[in-house]
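What follows is a set of notes on a single structure, which appears directly below.
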Amino acid sequence: MASAAGKQASKIVSKTTSGGTAAAGATGAPPAMPLASPLMGKKKKPFLGMPAPLGYVPGLGRGATGFTTRSDIGPARDANDPVDDRHAPPGKRTVGDQMKKSQDDDDEDLNDTNYDEFNGYAGSLFSSGPYEKDDEEADAIYAALDKRMDERRKERRELREKEEIEKYRMERPKIQQQFSDLKRKLSEVSEEEWLSIPEVGDARNKRQRNPRYEKLTPVPDSFFSKHLQSGENHTTVDPLQGLAGLNTPYPGSMTPGLMTPGTGDLDMRKIGQARNTLMDMRLSQVSDSVSGQTVVDPKGYLTDLNSMIPTHGGDISDIKKARLLLKSVRETNPHHPPAWIASARLEEVTGKIQVARNLIMKGTEMCPKSEDVWLEAARLQPGDTAKAVVAQAVRHLPQSVRIYIRAAELETDVRAKKRVLRRALENVSKSVRLWKTAVELEEPEDARIMLSRAVECCPTSVELWLALARLETYENARRVLNKARENIPTDRHIWITAAKLEEANGNTQMVEKIIDRAITSLRANGVEINREQWIQDAEECDKAGSVATCQAVIRAVIGIGIEEEDRKHTWMEDAESCVAHGALECARAIYAHALQVFPSKKSVWLRAAYFEKNHGTRESLEALLQRAVAHCPKAEVLWLMGAKSKWLAEDVPAARSILALAFQANPNSEEIWLAAVKLESENNEYERARRLLAKARSSAPTARVFMKSVKLEWVLGNIEAAQELCTEALKHYEDFPKLWMMRGQIEEQCENTDKAREAYSQGLKKCPHSVALWLLMSHLEERVGQLTRARAILEKARLKNPQSPELWLESVRLEFRAGLKNIASTLMAKALQECPNSGILWAEAVFLEARPQRKTKSVDALKKCEHDPHVLLAVAKLFWSERKITKAREWFLRTVKIEPDLGDAWAFFYKFELQHGTEEQQEEVRKRCENAEPRHGELWCAESKHVLNWQKKTGEILAEAAKKIKNAF
């Protein structure tokens with residue numbers, strides 16, 4: 001061993017001294033370590049047997065350089081020798097090409113033109129060097145730094161890019177933006193100017209306008225046969241190819257006629273016969289046995305072709321991949337049912353139905369216990385074959401309910417269906433689904449017998465017990481339900497059905513007991529009483545007509561699981577929810593229970609009264625109000641609702657007696673005094689009304705009482721009495737603006753313009769913040785032709801009342817009526833700056849725009865005031881003006897739903913239906929308006945508060961307001 005080690009060491013030393021290590025020079029691998037020798041010392045070196053460090057070259061420290069021998073790099077090759085790669089691209093097919101390419105890659109372009117002051121050379125100066133781990137680590141650090149710096153500068157860079165884009169778009173706008181002003185001016189072009197625009201002529205020359213199409217004439221057979229026999233050569237080409245008159249450059253390149261000379265004659269007769277045979281075959285394919293009668297449907301031909309094309313959405317290559325994948329799954333695990341089902345469905349989708357059937361039948365052989373595979377096979381097979389497949393499936397899976405159901409569905413005859421299901425019930429008697437399917441096919445008597453057997457086999461099925469109870473007589477049904485409760489003590493539906501049964505047979509007193517017993521029994525059996533579920537059951541009872549049951553359920557569960565302080569709020573929400581679901585009796589029961597718990601709460605009585613007003617009868621409302629005023633005698637609104645109900649029923653004495661009782665409970669109440677006056681004046685008892693008002697002025701003098709007194713004398717034509725009362729009232733209530741308004745309007749009616757102006761001026765001194773007074777003053781000046789004074793009044797009003805949209809709107813309209821549209825637009829812009837969320841201003845702004853810009857303006861208005869009724873009304877009118885009837889109706893409905901108190905919306909809606917709706921739609925709008933009783937709106941108030949219309953009802957005012965509307969939007 002020692003001698004061998006010595007020889008090995010001497011070889012390594014000699015080779016190193018003569019030129020370095022061959023191994024390191026050739027492959028770069030670490031050299032073999034010398035074996036330890038006894039001569040090297042007793043102590044073993046720690047680095048022996050360990051791998052060399054990265055980048056270590058043996059002998060490099062003492063100046064030794066490695067050498068490479070021919071055996072390391074292989075035999076020498078010539079530059080023209082081909083490379084080993086047989087499919088190398090051009091330019092890389094020889095050894096010299098590849099060496100030249102590698103040299104080009106190594107050479108860096110260090111020219112001055114490739115140098116940048118900031119980035120340096122475009123390429124990497126060290127790309128040819130080795131890429132080691134420390135280089136990779138440094139690159140990662142630099143990349144992280146670059147990413148961090150880029151994130152810091154990202155916001156500024158994006159902002160700068162955005163500004164540059166905006167600047168670029170300002171400097172170079174789109175063609176559409178450049179011509180937008182010209183397109184707007186098209187709206188000013190009259191029809192005559194439009195028609196006088198000359199037509200654009202055809203600027204092409206005559207040859208381009210009338211192209212001469214190439215004429216092709218079929219060549220007769222005799223021409224070919226003549227030239228074939230003569231063997232003539234043609235030495236010219238088609239002139240259309242641009243090479244006319246050139247001879248063929250070398251012999252044999254032209255083909256004489258149809259065949260090369262010497263190959264034989266061309267038999268034209270055989271060609272004609274073949275052509276006739278081919279045509280005959282095509283015709284025979286599309287004709288039937290009756291000669292001359294075609295069976296091709298020209299209209300359905302293309303449809304048939306489309307139906308033959310596979311309707312799959314994938315590509316052919318995807319289908320092939322899927323097919324291959326599924327085949328692999330089937331071969332790997334042949335007993336995996338989803339693989340067979342997926343394979344069959346893939347073939348079905350691609351139109352290969354027979355292949356799909358074959359696959360799924362093979363699947364039934366491999367997976368005979370899979371229910372899904374058998375059902376898929378029955379689905380893919382045609383009628384009789386499907387029945388055979390199902391029969392085979394039943395033999396393999398005699399307990400499968402789905403297969404029996406499928407077998408029954410395949411049968412067309414009812415008797416056969418019954419036979420299949422009865423056979424199924426013999427094998428699977430515990431299946432509720434099978435029993436229900438079988439019972440549905442039977443007559444009532446047979447169904448009752450079958451259900452009796454069904455509840456024995458499936459005693460835990462609530463549906464079967466309830467179905468049997470419905471078919472039995474009253475006594476038997478009670479027994480059935482008792483048995484059902486014994487078998488299923490935890491189900492609430494059995495108890496509710498028992499209560500409905502008692503109610504249907506007149507035992508209403510038992511209903512409450514059954515529901516109470518149900519709650520007790522269910523709690524004893526550990527069932528949690530879910531309040532929402534029971535309320536849903538009560539709603540279902542209400543819809544089924546079981547009123548007593550629904551009310552009993554509500555009374556039993558309404559207080560379960562609610563904190564004492566949340567009861568009122570929760571119960572009111574429950575009542576509203578029931579009304580929304582159409583369960584009115586449930587809501588009535590909730591209100592009744594709430595009134596028992598909170599008998600002195602005015603808000604609960606009011607909600608219940610409004611519910612009866614909207615959904616109940618007049619008698620139920622009056623009964624409720626009588627109870628309400630007994631518990632809340634100080635609630636004036638309840639007294640007034642009772643009196644109004646009697647008055648609407650034309651029972652005036654009863655209304656008077658209710659108001660008399662109200663006087664006793666609420667002495668000197670302004671609301672009750674005015675209600676009594678209105679009752680007498682509406683029934684033409686003017687003297688009674690005057691006496692009541694005089695009594696009210698002496699016992700309970702208020703500004704409203706004086707105002708009603710003036711109004712009564714004014715509408716009755718007693719102008720002098722009205723003026724005297726107005727003067728007296730202003731002595732006591734000079735800061736009440738409506739009195740000043742009435743005084744000015746009375747003077748205007750008498751055509752005393754100066755006195756009216758004086759009344760408005762005095763009123764504005766006392767009430768400078770009354771917008772209505774400023775508007776009346778402006779209207780007066782405009783009416784007498786003093787536009788400048790009207791404009792000055794409105795400006796002064798805006799100074800006194802900043803951010804008042806009504807004043808801005810009147811200023812815009814004043815300029816528009818004066819014909820100054822530009823000034824009106826400028827004022828509107830200022831108004832929208834001061835009042836950006838004003839719906840009436842946005843609604844007016846929409847129709848100040850030209851017709852093409854209205855839609856854009858309406859979008860802006862909706863963004864600012866999404867739920868404002870004036871804006872919604874403006875959008876509805878916009879659709880109306882564009883004859884979009886359905887959309888206009890939708891927006892009108894949305895407007896009156898959001899704000900039913902806006903009379904203008906009802907007037908426009910009614911006008912719209914008069915023009916575009918049916919009589920039923922018109923009547924519906926009128927009824928809804930009468931129920932809503934609107935009181936606000938510019939156009940509505942102008943009609944309803946007019947002196948001549950003081951006794952008109954809501955429907956009559958609606959018709960009058962609709963007449964005043966013009967369609968010139």
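Because only heavy atoms are used, hydrogens play no part in the values below, and waters and symmetry mates are left out as well, while side chains stay in.
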### Message
Does atom CD (Glu866) have a neighbourhood of more than 12 heavy atoms from anything else shown, all under 6.0 Å?
### Response
no

OG of Ser370 to CD1 of Ile341, rounded to nearest 0.5 Å, is 5.5 Å

Determine yes or no for a side-chain-to-main-chain donor-acceptor pair under 3.5 angstrom, with Thr570 supplying the side chain and Asp566 the backbone. yes

| task | May I ask you to decide if Gln399's main-chain N or O and Tyr404's side chain share a donor-acceptor pair within less than 3.5 Å? | result | no

So NZ of Lys613 and NE2 of His615: to nearest 0.5 Å the spacing works out to 12.0 Å

Quick note, salt bridge (charged side-chain N to carboxylate O under 4.0 Å, His left out) partners involving residues 578-589, not counting sequence neighbours, are Glu585-Arg588, Arg588-Glu612

How about Lys483: does its NZ atom have over 12 heavy atoms from other parts shown lying under 6.0 Å from it? no

Check your understanding: Where the side chain of Lys369 meets the backbone of Leu397, is there a donor-acceptor pair that is under 3.5 Å apart?
Key -> no

Looking only at heavy atoms, the pair that brings Glu411 and Ala416 closest together is OE1-CB, 3.5 Å

- Report yes if the side chains of Pro489 and Asn525 come closer than 4.5 Å at any heavy-atom pair, otherwise no. yes

Would you give me the side-chain donor-acceptor pairs under 3.5 Å for residues 884-897, sequence neighbours excluded?
residue: Arg889; atom: NE; partner: Glu913; partner atom: OE2; Å: 2.9
residue: Arg889; atom: NH2; partner: Glu913; partner atom: OE1; Å: 3.2
residue: Thr895; atom: OG1; partner: Trp891; partner atom: O; Å: 2.7

Rounded to the nearest 0.5 angstrom, the CD1-CH2 distance for Ile554 and Trp571 is 11.5 Å

> Under a 4.5 Å cut-off applied to non-hydrogen side-chain atoms, are Arg492 and Gln533 in contact?
Replying inline: yes

More than 12 heavy atoms of other groups within 6.0 Å of Arg423 CZ
no

Does the side chain of Glu573 come under 3.5 Å of the side chain of His569 through a donor N or O and an acceptor N or O? yes

So the salt bridge (charged side-chain N to carboxylate O under 4.0 Å, His left out) pairs with at least one residue in residues 495-506 (sequence neighbours excluded) are Arg478-Glu502

Nearest heavy-atom contact between Ala499 and Ile515 is CB-CD1, 3.9 Å

### Query
So do Val553 and Ile535 actually touch side chain to side chain, heavy atoms under 4.5 Å?
no

Heavy atoms of Pro368 and Trp374 approach each other most closely as O-NE1, 2.8 Å

Do Thr350 and Arg323 touch side chain to side chain, with heavy atoms closer than 4.5 Å? yes

CG of Asn358 to CG of Leu380, rounded to nearest 0.5 Å, is 10.5 Å

Of all heavy-atom pairs linking Val329 and Ala339, the shortest is CG1-CB, 3.5 Å

- Query: With no hydrogens and no angle check, is any side-chain donor or acceptor of Lys352 less than 3.5 Å from a backbone partner on Glu347?
  - Reply: no

- Query: Any side-chain heavy atom of Glu376 within less than 4.5 Å of one from Trp340?
  - Reply: no

The reported gap from CG in Leu522 to CG in Asn530 (rounded to nearest 0.5 angstrom) is 12.0 Å

The complete set of side chain to side chain donor-acceptor pair (under 3.5 Å) pairs with one or both residues in residues 325-335, sequence neighbours excluded, reads Arg330-Ser343

Problem set entry | Residues Glu409, Arg406: salt bridge by 4.0 Å N-O rule | yes

Shortest non-hydrogen pair, Ala548 vs Thr508, comes out as CB-CG2, 3.7 Å

Asp491 side chain to His493 main-chain N or O, any donor-acceptor pair under 3.5 Å? yes

Nearest heavy-atom contact between Val389 and Ala378 is CG1-N, 4.0 Å

Side chain to side chain contact (heavy atoms under 4.5 Å, CB included) filter on Thr497, not counting sequence neighbours, yields Leu466, Leu481

query = Are any of the side-chain heavy atoms of Glu576 and Arg607 separated by less than 4.5 Å?
reply = yes

The side chain to side chain contact (heavy atoms under 4.5 Å, CB included) partners of Glu528 (sequence neighbours excluded) come to none

Practice task
Please test His581 against Gln536 for side chain to side chain contact (heavy atoms under 4.5 Å, CB included), starting from the C-alpha separation and ending with a verdict.
Solution key: CA-CA 10 Å; His581 296 155; Gln536 286 180 2; over 6 Å; no

For this session: Report yes or no: does Asp516 contribute a side-chain atom to a donor-acceptor pair with the main-chain N or O of Ala556 at less than 3.5 Å?
Result: no

So CG of Leu375 and OG of Ser400: to nearest 0.5 Å the spacing works out to 6.5 Å

Stepwise side chain to side chain contact (heavy atoms under 4.5 Å, CB included) test for Arg555 and Gln596
CA-CA 11 Å; Arg555 284 193 292 271; Gln596 286 179 359; 5.8 Å; no

Item to complete: Please examine the side chains of Trp495 and Ser521, heavy atoms only from C-beta on, and report whether any two atoms are closer than 4.5 Å.
Response: yes

Are there more than 12 heavy atoms of other residues, nucleotides or ligands under 6.0 Å from atom NZ of Lys543? yes

**Study point:** Short side-chain to backbone donor-acceptor contact, Arg531 and Ile558, under 3.5 Å
**Key:** yes

Any donor-acceptor N/O pair, Trp906 side chain to Val925 backbone, under 3.5 Å:
no

* Asked: So do the side chains of Gln392 and Arg395 get within less than 4.5 Å of each other, counting heavy atoms only?
  -> yes

Tell me if the CD atom of Glu563 is crowded by more than 12 foreign heavy atoms within 6.0 Å.
no

